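In what follows, a single structure is set out as structure tokens and then discussed.
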Amino acid sequence: MCQHSRPEGDPAGQASGDASGDASQKASGAPVWRRPPRGAQGEGQGPAAFVAALAALEQAPGRRVGRLELVAAALAAMPALGVARDREAYHRLLRLLPRGVWVPRGPFQRLLAPFPRQQECGLQILEQMEQYGVIPDAETRFLLLGVFGPHSRPVRKCQRMLYWLPRLRHVDPHPLPPSLPPSGLATAHLGLRRIANDPDAHITVYQRPVPDEGDDEGSIQPYIVGAQSPDQQELLARHGPARPVFVEGPFPLWLRSTRLSYYVLRGDPLPPHLREDPPDPERSLYYPLHLDLDLERGPWDDDDFDVEEVEEGPVFALCIAGAGDRHTLGKWIAGLQEANPVLGCTPVVFRLGDGEPTTAGAPGGHPEPRLEAAPPRPVVLGPPDPPRRHGHSTSGDTRSGGGPGAPPAAPGE
Amino acid sequence: MALTVTLLNSAYLCGRCCSHKVLHPLLGPLLNDSMSKLYSSYRRPGSQPEKKPSWENTDFSFKKGINFLKSQLNMLKEETKDYLIGPGGYPLSQYLLEQTKVLWEFRSQEDLNKWVISSDVEIGGKSEVYLKLGRNNQAALLYGTLNTEVPRDGETKYSGYCSMRAKPPVGSFARKKYYDWSNFNSLYLRVRGDGRPWMVNIYTDPYFSHQKDDLYSYFMFTRGGPYWEEIKIPFSKFFLSSRGRVQDQQHPVWLDKISTLGFTIGDKVDGPFQLEIDFIGLLNDRAHTEEFAYETYEKV
């Protein structure tokens, strides 16, 4: 497509030397891909804007100039337009590169490392794909072969990516779903299901967020989601009302790039004499209590590690809340009490701000007081009042542990 | 041809000016510390050039020398005793029959001193990393903040990593020693993370200096939560990489010349991270029969 002779009245290709002669866009003398595409002004959707930006050049390729700068500009704009993880967008970009021109002819030309800048451009495309986790396709390899030829660096890199990325994609033993729900109650639910460690755990929504998005800043009421399994309920019942239980937190939990904070209801480890059940006084005296049979097990069968066990108290329940103050967590405890009546007589100590390591910069410094969490000194509350029954009107039933206006939500699930 | 021109020029200059401050260009590299030019001639842009000659770094005090000699001779005595007991200081029966071994546990400050932490501050980044003992001195807590802001020096493209690496084993008189893990086939880690993925790196002590940047890596995915996780990573899964690039020719890690182990986080997400490590051990997993997870044929 050569465009030597043009009519005088055509203002398109005359202003600058490297105009690509698209007769439809006559706004300025700049090349086609530098002019803003017509439909894309003020368009909200990124992918459509990206397609529109390349559309003019796709329809009328014109002279083969400025392709490397085009690729650099497109790669820089992709994250902002939201197409960085879209393989089709990269294919579209690769189709704009000229085919066959950058392929070295013969082994002697290949020896001299031909078209270095062009090959680096191809490598940049693939490196951005690798950075955003886009796995190339057979079509990507086909496009690269057409542009750079079989023994070129981009094709080699594509082969490497085709070998490693598909097998490293499924390496995560606890994978998250490919698209996470929007942040708020749904993400908290997912997070709790992930850390609960027990498929039998019941996840209960104690309070729905108002407004529904559950944003921290403008929310009137933060969400509270809790998880407790039957084993944990039993442990809590056995823990007894004499010893206090602690609410600790906030601990960080990352779900890809979303950060949640969870709180733990935990108790101190039991003293050794209370750990096992006392021997049944009606046991049979003919058989010993403990039987130490070696049964030909030698050091070749020993799979235990010779290290002291980490002593930690049992975890009774987990919770993720929209806000981390004592008030909100008090509501969680009140909600837990319905399933665990022993919480009514157990003292609950709030140790908030205890889970975070000091982030002030100097290790070993004191944790800075935070606006939303309680001060680090443990504050002992009296045992919370017995929970209100559903449907009863509030007649003089005042609560000291933070009285919500509405009764706690009925356990869902 | 360029070399001959340089030689002619230098010969001419030598004849003309015999100032003793100008060293002969050919003798210059010989008189200077030649090893420093070979291995560490790269200087990060913005860092100060080293003006101290290397002989000024050593302290020539007599008392320190005697103390050093005493401590090293003690170490040599211990090593001889261990050698007489058996391989690695353990009796032969234990070496032949053991199925598990604890390499590093974190119960006191001196256990923490066996590790070195680093972050991308050394290339000009802004991530922070700290290591301290966890609650009740029962685990190590590696925490900090990852910052993926790229340092503005014109040549760095990516940033944001933090790492913790064990110090390599050193024998008496600063001899390099190595670990021998050939009896085992898995790495066992008892950790409690916050959901972020980590990378475990094994550094070996190779014979050839071309291989000095070789490192074998694999991923450690933490789940998060208040419960401890026991992660077993078989050695057959570790892939070979060098200077950050995965190599084409892969081979399984040679377990008899291990130098150090390291943990790195660099998952491109800005924000604080946290990892508690109880202990690191080795396991001979008899159910694991895979020799190597990747193909070893030559990939053209």
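Letters A, B, ... are given to chains in the order of the sequence lines, protein chains preceding strands, and every chain is numbered from 1. Owing to the predicted nature of the structure, the values given are computational and were not obtained by experimental measurement.
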Name the member of A/Asp303, A/Leu318, A/Leu176 that forms the most heavy-atom pairs with chain B at distances under 4.5 Å.
A/Asp303
Residues 229-245 of chain B vs chain A, non-hydrogen distance cutoff under 4.5 Å, contacting residues -> B/Glu229, B/Phe239, B/Arg245
Closest approach of A/Pro252 and B/Gln274, non-hydrogen atoms and distance?
CG-OE1, 2.8 Å
Output yes when a side-chain donor or acceptor of A/Tyr262 lies under 3.5 Å from a complementary backbone atom of B/Gly225, and no otherwise.
yes
Is it the backbone or the side chain of B/Ser93 that comes under 4.5 Å from a heavy atom of chain A, or both, or neither?
neither
For B/Lys268 and A/Tyr132, indicate whether the former's side chain and the latter's backbone hold a donor-acceptor pair under 3.5 Å.
no
Hey, are the side chains of B/Glu105 and A/Phe305 touching, using non-hydrogen atoms and a 4.5 Å cut-off?
no
Is the closest side-chain heavy-atom distance between A/Val307 and B/Arg107 below 4.5 Å?
yes
Give a yes or no on whether a salt bridge exists between B/Asp270 and A/Arg259, defined as a side-chain N under 4.0 angstrom from a carboxylate O.
no
Does any backbone or side-chain atom of B/Gln94 lie under 4.5 Å from a heavy atom of chain A? Answer side chain, backbone, both or neither.
neither
Counting heavy-atom pairs under 4.5 Å with chain B, the top scorer among A/Asp306, A/Leu168, A/Leu253 is A/Leu253
Below 4.5 Å from any heavy atom of chain B, which atoms of A/Arg160 appear? Answer side chain, backbone, both or neither.
side chain
Tell me every residue that passes ring-ring contact (aromatic ring centres under 6.0 Å, His included) with B/Trp115, counting only those two or more places apart in sequence or in another chain.
B/Trp104, B/Phe106
Quick check: do B/Tyr158 and A/Gln131 have side-chain heavy atoms less than 4.5 Å from each other?
yes
Toward chain B, the part of A/Leu260 with a non-hydrogen atom under 4.5 Å:
neither
Against chain B, label A/Asp304 side chain, backbone, both or neither, depending on which of its atoms sit under 4.5 Å from a heavy atom there.
backbone
Which portion of A/Leu192 sits near chain B, non-hydrogen atoms under 4.5 angstrom
neither
Is any side-chain heavy atom of A/Phe251 less than 4.5 Å from a side-chain heavy atom of B/Asp194?
no
B/Arg190/A/Glu309 ion pair, N-O < 4.0 Å
no
Salt-bridge criterion met for A/Glu311 and B/Arg135 (N-O under 4.0 Å)
no
Looking at B/Arg223 and A/Asp172, is any side-chain nitrogen of the basic one under 4.0 Å from a carboxylate oxygen of the acidic one?
no
Between B/Phe273 and A/Trp254, is the ring centroid distance below 6.0 Å?
no
For B/Leu282, is it the side chain, the backbone, both, or neither that has a heavy atom closer than 4.5 Å to a heavy atom of chain A?
backbone
Among B/Gly195, B/Gly281, B/Pro226, B/Pro197, who wins on heavy-atom pairs under 4.5 Å with chain A?
B/Pro226
Less than 4.0 Å between a side-chain N and a carboxylate O, is that true for A/Glu127 and B/Lys157?
yes
Does the side chain of B/Gln138 come within less than 4.5 Å of A/Glu308's, by heavy atoms?
no
Proximity breakdown for A/Val171 and chain B, heavy-atom pairs closer than 4.5 Å:
both
Could you look at A/Arg266 and say if it's the side chain, the backbone, both or neither that has a heavy atom under 4.5 Å from chain B?
side chain
